[in-house]
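Naming: A, B, ... by sequence-line order, numbering from 1 per chain. The figures here come from the full heavy-atom set of this structure, side chains too, leaving out hydrogens, waters and symmetry mates.
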Number of protein chains: 2
Amino acid sequence: MIPFCENPLVTVFDPNRKHNARGEQRQQALLRAAAAVFGRLGYHQTTTNAIAAEAGVSPATLYQFFPNKEAIASALASTYAREMAEAERAIDSEGVLSFTEAVSELIDVCMSFNRKRPEFHTLVVDAPLSSSAREDKQVLGQVFVDFIATRLRRELPTLSRSEAAHHGQVALMIFRGILDELTVASPHARPRLQQAMRNAILRYLIPVLTESKAGRTVKGA
Amino acid sequence: MIPFCENPLVTVFDPNRKHNARGEQRQQALLRAAAAVFGRLGYHQTTTNAIAAEAGVSPATLYQFFPNKEAIASALASTYAREMAEAERAIDSEGVLSFTEAVSELIDVCMSFNRKRPEFHTLVVDAPLSSSAREDKQVLGQVFVDFIATRLRRELPTLSRSEAAHHGQVALMIFRGILDELTVASPHARPRLQQAMRNAILRYLIPVLTESKAGRTVKGA
DNA sequence: CTCCTATGCAAGTAGATACTTGTATTCGAA
DNA sequence: TTCGAATACAAGTATCTACTTGCATAGGAG
């Protein structure tokens with residue numbers, strides 16, 4: 001007789017499974033290996049076999065700890081996004097920095113993080129993420145935008161929240177555009193680009209504070 | 001006896017093959033179909049089978065006209081890159097526009113092109129291109145950079161060529177960063193982003209012209 | 001010790017997709 | 001009309017890679 005609801009043996013990833021110390025270490029080692037390979041090859045070129053090989057385990061072992069490739073990328077992306085958001089929130093907690101100083105610090109923190117975790121870029125740009133990882137990623141963007149929006153409104157309280165958020169979003173776009181090049185630039189070219197990043201963002205934002213509504217846009221030369 | 005160098009029948013793409021009128025039309029139809037599918041699905045999600053289906057031919061027919069998927073992407077990307085470079089070079093051929101007007105026109109031309117050919121973006125960003133297509137793409141970037149560098153030096157002849165090129169490159173990065181969002185923005189949000197694009201680039205460039213070397217960077221607020 | 005569960009892997013499978021083969025048909029020039 | 005070359009496609013193949021299976025070992029709670 002065929003059982004009505006057979007209890008299948010767990011031969012593949014099980015979210016309820018408990019891990020012992022060895023298992024926890026393997027999982028961390030797999031994440032480290034994945035980070036290294038994603039950083040070298042990008043998301044699409046990276047195979048689960050390559051991650052397993054980098055960690056020194058068989059492909060099957062990988063699937064004891066993660067249900068699929070996307071989950072590995074998502075776990076890394078979530079961790080990084082939370083770390084980076086945390087670092088951003090820690091900037092100028094005493095509120096002693098000027099607008100320019102605070103924004104410069106924000107940019108530096110974000111650039112440093114991306115240099116420290118080169119794989120972060122490909123993970124958030126190329127990888128299909130789980131919904132929770134997507135949320136962490138979106139929160140990260142929002143923290144950046146809110147930081148700038150809050151600082152803008154501290155300088156110019158008459159600025160509407162939506163205008164402030166818009167300018168924060170544009171600053172984020174500029175950041176990403178230059179970051180794309182920064183990740184592939186030669187070490188020699190980097191300092192100049194970092195300075196260009198600060199200039200580009202601050203020169204975009206400062207007129208928001210100094211120009212009245214009448215002269216919002218750039219005047220002809 | 002086995003022939004020393006058998007002349008194989010051409011059953012697959014042959015670069016020396018001559019095309020008749022029907023063939024030329026098929027090839028163009030395949031390129032149009034590819035453009036449509038690339039635009040809908042992006043490069044990676046697009047399959048050669050889908051392109052063939054869109055063009056109403058069998059997958060085998062596609063390979064009579066292109067050696068592989070990359071060649072299709074490369075052909076499109078090359079065409080677009082040349083078209084866009086041409087459009088950029090045509091801007092202000094009489095030299096009557098001011099710096100701000102000329103740069104604004106450049107930005108508008110580039111934005112319009114990307115809206116008219118939504119697949120261009122995924123092709124140059126995601127697709128692995130042939131070396132000749134990569135060259136066309138790089139030339140396109142250079143045309144953008146040179147346009148701005150030339151205009152900067154026309155306003156400020158003391159600016160070195162390398163400095164001018166650097167600022168052109170940064171302008172291009174800003175353009176790309178905002179363009180990424182523009183391609184996914186709702187129609188309602190687009191005009192505001194387009195204005196932000198102009199502001200971001202011009203606000204970055206204009207201080208290059210007005211600030212002396214002593215005060216190159218943004219002052220503290 | 002005992003037994004359940006976690007860990008581990010050799011050796012697969014499954015499914016997707018870029019690309020071919022063999023053959024039939026159409027075109028166009030001589 | 002004739003014949004080689006170009007066009008067309010049904011029906012594949014080849015390969016890659018995410019993922020599984022079955023089974024062997026290790027480890028900790030009782």
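Residues H44(A) and D126(A) come closest through the heavy atom pair NE2-O, 3.7 Å. Shown here for F65(B) and Q27(B), the closest heavy-atom pair between the two residues is O-NE2, 3.5 Å.
Atom CZ of F13(A) is separated from atom C1' of dG8(C) by 17 Å (rounded to the nearest Å). Atom pair Y43(A):OH and dT17(D):P shows a separation of 13 Å (rounding to whole Å applied). Distance CD1 (I72(B)) to P (dT17(C)): 15 Å, rounded to an integer number of Å. A straight line from CG of L62(A) to C1' of dC19(D) spans 10 Å, rounded to a whole angstrom. Note: OH (Y63(A)) to P (dA10(C)) measures 16 Å, nearest angstrom. Following rounding to the nearest Å, H44(B) (NE2) and dT17(D) (P) show an atom-to-atom distance of 13 Å. The distance from atom CG of N20(B) to atom P of dC3(D) is 20 Å, rounded to the nearest whole Å. Per the geometry, CD belonging to Q64(B) stands 15 Å off P belonging to dA5(D), to the nearest Å.
Proximity of T61(A) to the phosphate of dC9(C): a side-chain N or O atom is located under 4.0 Å from OP1 or OP2. For dA6(C), the OP1/OP2 oxygens have no side-chain nitrogen or oxygen of R26(A) closer than 4.0 Å. Between K69(B) and dA18(C) there is a side-chain polar atom (N or O) within less than 4.0 angstrom of OP1 or OP2.
The distance between the ring centers of F66(A) and F13(A) does not fall below 6.0 angstrom.
Out of dA6(C), dT17(D), dC19(C), the shortest distance to the side chain of N68(B) is found at dC19(C). Here dC19(D) is the nucleotide among dC9(C), dC19(D), dA6(C) with the atom lying nearest to any side-chain atom of N49(A). Counting only heavy atoms from C-beta on, S58(B) has its side chain closest to dA10(D) among dC9(C), dA10(D), dA18(D). Listed nucleotides dA18(D), dC9(D), dC19(C) differ in distance to T47(A); the shortest reach to its side chain belongs to dA18(D).
A salt bridge is absent between R151(B) and E101(B): the closest approach of a Lys/Arg side-chain nitrogen to an acidic carboxylate oxygen does not fall below 4.0 angstrom.
Residue order along DNA chain D, read from the 5' end via each residue's closest nucleotide, puts N16(B) first among N16(B) and T48(A).
Using a 4.0 Å heavy-atom cutoff across all strands shown, F65(B) reaches sugar-phosphate atoms only and no base atom.
You'll find the side chain of R40(A) reaches within 4.5 Å of the side chain of E54(A), heavy atoms only.
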